[in-house]
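Working notes, beginning with the structure itself.
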Amino acid sequence: MLKQTLHHRRQKLATLINFPVILWSGNTNPRNFPANVYPFRASSHFLYFAGLPLPNAAIRLEAGKLELFIDNPTPSSALWHGEMPTRDEIAEQIGADTARPMAELESSLEGVATIPVQNAATWTQQTQLLNRWVLPQQPPQENDLELAQAIISLRLTHDADALIELRKAAAVTVEAHKAGIAATSQAQREAEVRAAMEAVIIGENMTTSYNSIVTVHGEVLHNEQYHHPLQPGDLILADVGAETAMGWAADVTRTWPVSGKFSSTQRDIYDVVLAAHDACIAKISPGVEYEDIHLLAATVIAEGLVDLGILQGNPADLVEMDAHALFFPHGIGHLLGLDVHDMEDLGDLAGYEEGRNRSSRFGLGYLRLNRPLRPGMLVTIEPGFYQVPAILNDPNVRSKYENVVNWQRLAEFADVRGIRIEDDVLVTDSGSEVLTDALPSQAIAIETSPK
Ligand code: GLY
Ligand code: MN
Ligand code: MN
């Protein structure tokens, strides 16, 4: 990240608030004993202003000035982890005005606002040092709330340097999906397809931005099992995204047939999901309400299912009664940036425009973003169709929707467990740009992509 960009972000924050801020990066998390740790992921708010994934560091921001708190590497860390940059070298790299040891943080806390980090050891430390509750589960209060709102207003739209990183993550993700499709004909199990996809990401010195979903059981929305064998009639749903070394994410899903060719029932449903995907992307433009894009997806899916004889009735009425959600139970997408669900550590503060709250409707309650779109926002568009036993076998659901679902007709689509098509879409001044459109989504292009 350019020093100048980090400086500019800090200056912009200074125009929005008039109190000091401390942002902690977080610590490493032990896996099973202290020296064996999970891969470190710095807090996204810290990364946004400091630009480097530094463990066990903090930054104090006041009136555009940056004070870095971090300890110099110890001789034993040089033995085990190699030579690391000194505090002063890091300070120079990120454009800090001053740099001090972590122990001096304690004397710089007067009147500061903060954001709780996800790492439990660090938020305990935040709570102790600030002598007030700082818990990720609690909505922020007073200056912490004002700080969260100020940071949201900056991070909602992406600057040029962020977009460079986001495009890198998108490009590598596209290649990972191509590798997954190509690896399928030789693979026996889901795990082998996952390995081929993640190999591309790891080979670019990136990580995955969330746990990969690579499954023949696409009806399990966040399936994290990879042991199932691949059978010729199966569809593979792969939701895999790369994250750059500086923390910027991509989030892409494709669904393809193990045999290389969709069955006619799979193709019919695939084309319904694709029609929703394409219609939503075509509608993305500044000023458009994201909720309307979700409702557009719901309507296109309802229309498609009526055409196939699975649903019965008028599509608008079906959406009104949430019948689309029997098969498309999640939202059309979310914000994307440093987090795959960007700023969801702040609950719905980022995703929902002030004064708006989650709907209690089955067909709207899982919508993660409810704001008018603005140029520079990056969102996902990810319609899907799933046959989730927990929904479709629920006696209350079956009786409520008895007359709108043709259950006999639905049974003919038993080889479609789950389909999702997900792309990353930047809102531009005049419409949108799909950052991941180098990855085909048409059924025929998927069938003919290199194997
Ligand atoms: N990969 C998680 C999601 O699509 O939201
Ligand atoms: Mn997503
Ligand atoms: Mn996804």
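No hydrogens, no waters, no symmetry mates; every other heavy atom, side chains included, goes into these values. Since the model is a prediction, treat every value here as computed from it, not as a measurement. Each ligand, and each atom within it, is numbered from 1 in the order the structure gives.
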Item checked: contact_flag His341 ligand 1 heavy-atom lt 4.0 Å -> yes
Check: Does Val340 have a heavy atom less than 4.0 Å from any atom of ligand 1?
Finding: no
Check: Are Phe385 and His324 close enough that their ring centres sit under 6.0 Å apart?
Finding: no
Notebook entry, point to check: Is the ring centre of His341 less than 6.0 Å from the ring centre of Tyr210?
Noted result: no
Check: For atom 3 (C) of ligand 1, what is the nearest protein heavy atom, given as residue, atom name and distance?
Finding: Asp251 OD2, 3.4 Å
How many angstroms lie between atom [atom1] of [X] and atom [atom2] of [Y], to the nearest 0.5 angstrom?
X	Y	atom1	atom2	value
Leu335	Thr380	CG	OG1	8.5 Å
Arg398	Ile391	CZ	CD1	12.5 Å
Tyr352	Ile152	OH	CD1	14.0 Å

Item checked: Aromatic plane relationship, His158 with Trp248 - under 30° parallel, 30 to 60° tilted, over 60° perpendicular -> perpendicular
Checklist line | Of the protein N/O/S atoms, how many lie under 2.8 Å from the Mn ion (ligand 2) | finding: 4
Taking only heavy atoms of [X], which atoms of ligand 1 are found under 4.0 Å from at least one of them?
X	answer
Tyr210	1 (N)
Asp239	1 (N), 2 (C), 3 (C), 4 (O)
His334	3 (C), 4 (O), 5 (O)
Glu422	4 (O)

Next item on the list: Compare every heavy atom of Arg155 with every heavy atom of His45, then report the nearest pair and how far apart it is.
Entry: ND1-NH1, 2.7 Å
Check: Is the charged tip of Arg194 near the ring of Tyr226: under 6.0 Å from the six-membered ring centre and within 45° of its axis?
Finding: yes
Checklist line | Closest to atom 4 (O) of ligand 1 (judged by heavy-atom distance), picking from Glu382, His330, Glu344 | finding: Glu382
Notebook entry, point to check: Below 3.5 angstrom, do we get any N/O pair linking His222 and ligand 1?
Noted result: no
Note to self: Are more than 12 heavy atoms, taken from residues, nucleotides or ligands other than Lys451, located less than 6.0 Å from that residue's NZ atom?
What the structure shows: yes
Note to self: Under the criterion ring-ring contact (aromatic ring centres under 6.0 Å, His included), I'd like the reasoning laid out for Phe328 against His294: C-alpha separation, chi angles, the key distance, then a yes or no.
What the structure shows: CA-CA 11 Å; Phe328 170 45; His294 174 78; 5.5 Å; yes
